[in-house]
Amino acid sequence: MSCRKIGLLGGTFDPVHLTHLHMAEVARDECQLDEVWFVPAKVPPHKQGCPITPGETRIEMLKLALKGIPYFKLSLVEFEREGPSYTIDTVKHLQRRYPECRFYFIIGGDMIAELPAWHKIEELVQLVRFIGVGRPDVTRKISHPWARYVHQVEMIPSHLSSSLIRKRRQEGKSIRFLVPEPVYEYIERHGLYHTSGKYSRNKGE
């Protein structure tokens, strides 16, 4: 019996936007993945102490973004434990729970340079295969030892980010067509990312 190939796309998703979906689609297509699981971080290690939108709100937006796409799934594995949401703990947990699957961890091309700072990276690269989605002509110049563990695939360049979306909201600018339409409607309905909104990020988790 062959292993199912599962891509994991982690992140804060605050909020999820179209480039997240495009990254997942490019990785699925280029690497012939059976599914991509979106894994929102409960406690992002690199954002501890920073304001963050409550987990249930980020999860609701992900559910709306992934609805109707059969090979995109939501995994709440990082909400099942306390403490920082380290990737290595997530991968080990999923490997124990789904031994029939082979896991690939999808990262943006700009994240390849930051791999040396990842928690237990020397062990992590032995457990999971990395897929770097971005511009290989730029990221192939990265010379640290962990870069050779990353299979790089190319996507249409995008400067869209969650922080850019939050900034535009705070400036009163439109974010329509930057996020899936149901997510846009959810953000509007709940007044997210305005400094005076009901669920302002300043309230934290």
Side-chain angles (χ1 to χ4, degrees), residues 3-31 33-48 50 52-112 114-115 117-121 123-134 149-151 153 155 160-163 165 179-180 183 205:
C3 291
R4 295 170 64 221
K5 298 173 64 175
I6 307 297
L8 304 175
L9 181 58
T12 310
F13 301 110
D14 192 14
V16 59
H17 53 72
L18 293 178
T19 297
H20 288 131
L21 301 180
H22 183 52
M23 278 180 59
E25 180 71 356
V26 169
R28 185 192 70 85
D29 187 39
E30 294 288 335
C31 298
L33 304 176
D34 293 298
E35 294 178 351
V36 175
W37 297 355
F38 288 66
V39 188
K42 181 179 180 181
V43 184
H46 60 296
K47 293 186 178 179
Q48 292 186 74
C50 298
I52 186 172
T53 299
E56 61 269 25
T57 302
R58 292 182 285 123
I59 289 169
E60 284 304 312
M61 288 189 284
L62 273 167
K63 287 179 178 177
L64 291 170
L66 305 182
K67 187 176 181 180
I69 308 173
Y71 46 78
F72 284 175
K73 309 289 186 183
L74 176 63
S75 171
L76 299 180
V77 62
E78 294 190 350
F79 280 79
E80 297 175 3
R81 63 176 191 268
E82 302 299 325
S85 303
Y86 289 122
T87 298
I88 191 166
D89 296 332
T90 299
V91 169
K92 286 182 174 179
H93 182 90
L94 291 174
Q95 288 179 332
R96 287 194 298 270
R97 183 180 291 185
Y98 304 100
E100 76 281 11
C101 295
R102 176 180 297 172
F103 291 101
Y104 299 73
F105 203 86
I106 303 166
I107 59 175
D110 58 329
M111 293 293 293
I112 299 174
E114 301 178 19
L115 283 178
W118 282 39
H119 185 59
K120 297 184 178 180
I121 183 62
E123 185 179 358
L124 182 58
V125 295
Q126 303 300 323
L127 297 177
V128 70
R129 300 183 182 191
F130 277 93
I131 300 173
V133 185
Y149 291 94
V150 181
H151 175 70
V153 297
M155 67 177 284
L160 183 58
S161 67
S162 297
S163 59
I165 289 171
V179 299
V183 175
E205 272 191 300

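When reading the values below, keep in mind they use all heavy atoms of this one structure, side chains included, and skip hydrogens, waters and symmetry mates.
Phe79 CZ to Lys42 NZ: the interatomic distance, rounded to the nearest 0.5 Å, is 7.0 Å. Once rounded to the nearest 0.5 Å, the distance linking NE2 of His20 with NE2 of His17 reads 3.5 Å. How far NZ of Lys73 is from CG of Leu66: 10.0 Å, rounded to the nearest 0.5 Å. Rounded to the nearest 0.5 angstrom, Ser162 OG and Phe13 CZ are separated by 8.5 Å. For the atom pair CG (Asp29) and NE2 (His22), the distance works out to 10.0 Å, reported to the nearest 0.5 Å. A distance of 6.5 Å separates CZ of Arg4 from CG of Asp34, quoted to the nearest 0.5 Å.
You'll find the side chain of Ile6 stays beyond 4.5 Å of the side chain of Val36, heavy atoms only. Annotation: side chain of His151 is not in contact with side chain of Tyr104 (no heavy-atom distance under 4.5 Å). Looking only at side-chain heavy atoms (C-beta outward), Ile131 and Leu33 come within less than 4.5 Å of each other. Side-chain contact between Leu94 and Val77 is present, with heavy atoms from C-beta onward closer than 4.5 Å. Contact check for Arg81 versus Asp89: side-chain heavy atoms found under the 4.5 Å cut-off. Under the 4.5 Å side-chain criterion, counting only non-hydrogen atoms from C-beta, Thr90 is not in contact with Phe103. At least one side-chain heavy atom of Leu115 sits under 4.5 Å from a side-chain heavy atom of Val150. Using a 4.5 Å heavy-atom cutoff, the side chains of Val39 and Leu9 are not in contact.
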(message) Could you go through Val179 and Val16, starting from their C-alpha distance and side-chain angles, then the distance that decides it, and tell me whether this counts as side-chain contact (heavy atoms from CB on, under 4.5 Å)?
(response) CA-CA 7 Å; Val179 299; Val16 59; over 6 Å; no

(request) Step by step, work out the salt bridge (Lys or Arg N to Asp or Glu O under 4.0 Å) result for Lys63 and Glu56. (result) CA-CA 10 Å; Lys63 287 179 178 177; Glu56 61 269 25; over 6 Å; no

(request) With side-chain contact (heavy atoms from CB on, under 4.5 Å) as the test, would you mind laying out the steps for Gln95 and Val91 before giving the verdict? (result) CA-CA 6 Å; Gln95 288 179 332; Val91 169; 3.8 Å; yes

(request) Any chance you could lay out the side-chain contact (heavy atoms from CB on, under 4.5 Å) test for Ile107 and Trp118, step after step, and finish with the verdict? (result) CA-CA 12 Å; Ile107 59 175; Trp118 282 39; 3.8 Å; yes

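In this structure, Arg28 satisfies the cation-pi test against Tyr71, with its NZ or CZ atom closer than 6.0 Å to the six-membered ring centre and inside 45 degrees of the ring normal.
Inspection of the Asp14 and Thr53 side chains reveals an N or O donor paired with an N or O acceptor under 3.5 Å.
Crowding of Glu80 atom CD: a count of heavy atoms from other residues, nucleotides or ligands under 6.0 Å exceeding 12.
Lys92 places no side-chain N or O within donor-acceptor distance of the main-chain N or O of Leu124, the cut-off being under 3.5 Å.
Proximity of the aromatic rings of Trp37 and Phe105 is defined here by a centroid distance below 6.0 angstrom, and this criterion is not met.
Ring planes of His119 and Tyr86: parallel class, angle under 30° (limits at 30 and 60°).
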